[in-house]
Every structure is written in structure tokens, then in C-alpha cells.
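Working notes for the structure below.
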Amino acid sequence: MTKTEVKKIKTLKVIELLENKYNAVHFDNDAGSYFTFSIGKFEGSLMRNDFYVSFWESIKLGAGFTDEEYETHFEAVRLEDEINGEIQLMLKNLKF
């Protein structure tokens, strides 16, 4: 199996995980180096090179935001960490 074939399989498996376990929708291959998608109220990106997920809502907040905005940020960070852990575990256990 070539590196390209392995990368395609990994990409499909990660997207399947996001869709099936986290109900991710609206996958778009924006710039070629990442996908954008949505999970509930969160907008995210999936990097193609390392399969890292990040959400816009997880960007660090300074002072002056509302309690609701801080709570949204906390939820996004928690979900981002959970998803990235799941992805790394799944990739580690893939057999080729």
C-alpha cells in the first residue's frame, strides 16, 4: 500500500469518526490543506497533514467577554480535546 493510499484511508476514517460519533456536517475541502465542518454550534477545521481538529470558538478569550461566551469557549476546548484524543487513538490502532 502506498503512502497516498494510507493517507486517503486515514482521511476517510477520521471523517467517518467525526460524522458518526460527533454528527459533523458540511465538510468542505477549502484550501486543500484542511477541511471545514460543523458540529452543533461549533465551526471547525480538520488539518490534512496531522488530522488535528480546531474550532473557531476555542480561540483564547481575554477579559471583557460575557459568561455565556466563556462557557461556549470552555465547551469548544473540551470538545476539541476529546475529538483530537479520539482521532489519535483511532489512528494508532489502525492496521494496514
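If you're wondering where the values come from, they're calculated on a predicted model, not measured in any experiment. Basis for what follows: all heavy atoms, side chains included, without hydrogens, waters or symmetry-related copies.
For the pair Glu57 (side chain) and Glu43 (backbone), a donor-acceptor distance under 3.5 Å is present. Within the 3.5 Å criterion, the main-chain N or O of Phe51 finds no donor-acceptor partner in the side chain of Lys10. Put simply, the side chain of Lys13 never gets that close to the backbone of Lys8: no donor and acceptor are under 3.5 Å apart. In this structure, Glu5 contributes its side chain and Thr2 its backbone to a donor-acceptor pair below 3.5 Å. Counting only distance, with no hydrogens or angles, the side chain of Asn84 and the backbone of Val53 share a donor-acceptor pair below 3.5 Å. Side-chain atoms of His26 never come within 3.5 Å of backbone atoms of Thr36 as a donor-acceptor pair (strictly under, hydrogens ignored).
Closest heavy-atom contact between Glu80 and Ser58: OE1-OG, 2.7 Å. In this structure, Tyr70 and Gly64 approach most closely via the heavy-atom pair OH-N, 3.5 Å.
Hydrophobic clustering (ILVMFWY, side-chain heavy atoms < 4.5 Å, transitive): Trp56 and Val25 are in distinct clusters. Under the 4.5 Å side-chain contact rule for hydrophobic residues, Phe35 and Leu91 share a cluster. Both Phe27 and Ile39 belong to a single network of hydrophobic side chains, linked directly or stepwise wherever heavy atoms of I, L, V, M, F, W or Y lie under 4.5 Å apart. Side-chain heavy atoms closer than 4.5 Å link hydrophobic residues (I, L, V, M, F, W, Y) into clusters, and following such links, possibly through other members, connects Leu94 to Ile83.
To the nearest 0.5 Å, the span separating OH on Tyr34 from CZ on Arg48 amounts to 11.5 Å. Here the CZ atom belonging to Phe55 is positioned 9.0 Å from the OG atom belonging to Ser45, to the nearest 0.5 angstrom. To the nearest 0.5 Å, atom CD1 of residue Ile87 and atom NZ of residue Lys92 are 15.5 Å apart. Expressed to the nearest 0.5 Å, how far NZ of Lys21 lies from CE of Met90 amounts to 11.0 Å. Here the CD-CG distance, from Glu86 to Leu89, works out to 6.5 Å after rounding to the nearest 0.5 Å.
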Dump the intermediate steps for side chain to side chain contact (heavy atoms under 4.5 Å, CB included) on Thr72 and Phe74, then the final yes or no.
CA-CA 5 Å; Thr72 298; Phe74 176 76; over 6 Å; no

Might you work through the side chain to side chain contact (heavy atoms under 4.5 Å, CB included) test for Gln88 and Tyr52, ending with a clear yes or no?
CA-CA 9 Å; Gln88 293 309 310; Tyr52 183 80; over 6 Å; no

Should Val14 and Leu17 be marked as a side chain to side chain contact (heavy atoms under 4.5 Å, CB included) after you check the CA-CA gap, both sets of side-chain angles, and the distance that decides it?
CA-CA 5 Å; Val14 169; Leu17 172 73; 5.6 Å; no

For a side chain to side chain contact (heavy atoms under 4.5 Å, CB included) check, start with the C-alpha distance between Asp28 and Phe37, then their side-chain angles and the critical distance, and finish with the verdict.
CA-CA 7 Å; Asp28 189 18; Phe37 63 95; over 6 Å; no

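Shown here is Asp67, whose CG atom has no more than 12 heavy atoms of other residues, nucleotides or ligands within 6.0 Å.
Between Tyr22 and Glu82, the closest side-chain pair of non-hydrogen atoms falls below 4.5 Å. By the 4.5 Å heavy-atom criterion applied to side chains, Ile9 and Leu12 are not counted as neighbours. Side-chain contact between Thr11 and Leu46 is absent, with no heavy-atom pair separated by less than 4.5 Å.
The pair Glu75-Lys41 meets the salt-bridge criterion, since a charged nitrogen lies less than 4.0 angstrom from a carboxylate oxygen.
Judged purely by distance below 3.5 Å, without hydrogens or angles, the side chains of Thr66 and Glu69 pair a donor atom with an acceptor atom.
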